[in-house]
J.: 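First, the structure itself, so that you have it in front of you.
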Amino acid sequence: VFGKDINLILVLNNLSSDRKSVRVDMSASTILYTRRAVAEILKAATSVELGPKQGKHIRVKIPYAHYGRYLTTDKRIQVTALCEVMRTHGLKLLVEKTIILEDTNIIIKLPRRVVVNKAVSLEISYANPLPEPVSRCVLLVTLMNQQVKINLAPLSPRERSKIYFEFTPRRAGPLQLQVDFSCDKFSHVKGFVTIAVAPA
């Protein structure tokens, strides 16, 4: 989840009946959705001895402090592990994983029934998932082809807050509401709901 430390486990299994010595070079970078690297956030190397038919776990932690300021709006991190079996004429295995960090910031609560030409009040809850305060908070609400920009108070570390948004639907049928939350430390955290508007 965005704002939290990332914990990974690399599993190595020796399927042979011989003892193996493996060197593991690990790296991680923040990337764009095109897979182009933005910044390297982790570089580590370790060696592991594996007995016959033995498996071992290597734990890797990427603290938020290492990746936070290098993350793009795509919220993607590419992790690679190059595993080299020693004394086997350079037998190598490359393991890659792309992590897409989830947002859990926006929660939109609707009333049980929404009716044409009747005022509706929605609860929009938003949060700062980071271990540091954020300021210049802005909520952009898009509904019925109109955008409303709402300036919000700063948020403390891990603080959640909410506002109430009122509107009157003018026609029956599905209506899409989109919310976009930005601040000085991150931007474009989105949430959306489809509202079923009943006839009057």
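Note that these values count all heavy atoms, side chains included, but never hydrogens, waters or copies made by symmetry.
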J.: Taking the side chain as C-beta and beyond, is there a heavy-atom pair between V148 and L140 under 4.5 Å?
T.: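 No, side chains not in contact.
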
J.: Mark yes or no for whether S182, through its side chain, and H188, through its backbone, hold a donor-acceptor pair below 3.5 Å.
T.: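 Yes, the answer is positive, given that a donor and an acceptor are paired below the 3.5 Å cut-off.
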
J.: Side chains of Q78 and T98: is there a donor and an acceptor less than 3.5 Å apart?
T.: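 Note: Q78 and T98 side chains meet the donor-acceptor criterion.
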
J.: Identify the heavy atoms of S135 and C183 that sit nearest to each other, and give their distance.
T.: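 Heavy atoms of S135 and C183 come nearest at O-CB, 3.4 Å.
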
J.: Quiz question: by atom type and distance under 3.5 Å, do the side chains of S21 and E49 form a donor-acceptor pair?
T.: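 Distance-only check passes for S21 and E49.
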
J.: Testing the 3.5 Å rule here: is there a donor-acceptor pair between the side chains of R160 and S125?
T.: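 Yes, because at least one side-chain N or O of R160 sits under 3.5 Å from a partner of the opposite role on S125.
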
J.: Taking the side chain as every heavy atom from C-beta outward, state whether L110 and L122 have any atom pair closer than 4.5 Å.
T.: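 Yes. Closest side-chain heavy atoms under 4.5 Å.
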
J.: Output, in order, the C-alpha distance, side-chain angles, deciding distance and verdict of side chain to side chain contact (heavy atoms under 4.5 Å, CB included) for T142 and D180.
T.: CA-CA 8 Å; T142 307; D180 187 313; over 6 Å; no

J.: Step through the shown structure and confirm whether more than 12 heavy atoms of other residues, nucleotides or ligands are within 6.0 Å of CD on Q146.
T.: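 Open: at most 12 neighbouring heavy atoms sit under 6.0 Å from CD of Q146.
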
J.: CG of N117 to CZ of R171: how many Å apart, nearest 0.5 Å?
T.: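 If I round to the nearest 0.5 Å, the distance is 12.5 Å.
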
J.: Take I99 and V79, measure what side chain to side chain contact (heavy atoms under 4.5 Å, CB included) needs, and give me the verdict at the end.
T.: CA-CA 8 Å; I99 300 163; V79 183; 3.8 Å; yes

J.: Are V197 and P169 packed together at the side-chain level, in the sense that at least one heavy-atom pair is separated by less than 4.5 angstrom?
T.: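 V197 reaches P169 side chain to side chain.
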
J.: Starting from I195, can I reach M144 by hopping between I/L/V/M/F/W/Y residues whose side chains sit under 4.5 Å apart?
T.: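 Result: yes, single cluster for both.
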
J.: For F186, check ring-ring contact (aromatic ring centres under 6.0 Å, His included) against everything at least two apart and list the hits.
T.: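 For F186, the residues satisfying ring-ring contact (aromatic ring centres under 6.0 Å, His included) (neighbours in sequence not counted) are F2, F181.
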
J.: Using a 3.5 Å distance criterion without hydrogens, assess whether the side chain of K92 forms a donor-acceptor pair with backbone atoms of C83.
T.: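 Side chain of K92 to backbone of C83, a donor-acceptor pair under 3.5 Å: no, none is there.
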
J.: Do Y64 and E132 have side-chain N/O donor and acceptor atoms under 3.5 Å apart?
T.: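 Yes, a side-chain donor-acceptor pair sits under 3.5 Å.
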
J.: Would you tell me whether D18 and S16 have side-chain atoms, one donor and one acceptor, within less than 3.5 Å of each other?
T.: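 No, no side-chain donor-acceptor pair sits under 3.5 Å.
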
J.: Would you say L152 and I163 make side-chain contact, with heavy atoms under 4.5 Å?
T.: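 Of all side-chain heavy-atom pairs linking I163 with L152, at least one is under 4.5 Å.
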
J.: Using a 3.5 Å distance criterion without hydrogens, assess whether the side chain of N128 forms a donor-acceptor pair with backbone atoms of S156.
T.: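 Yes: the side chain of N128 pairs with the backbone of S156.
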
J.: Are any non-hydrogen side-chain atoms of I9 and I58 less than 4.5 angstrom apart?
T.: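 Not touching, per the 4.5 Å side-chain cut-off.
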
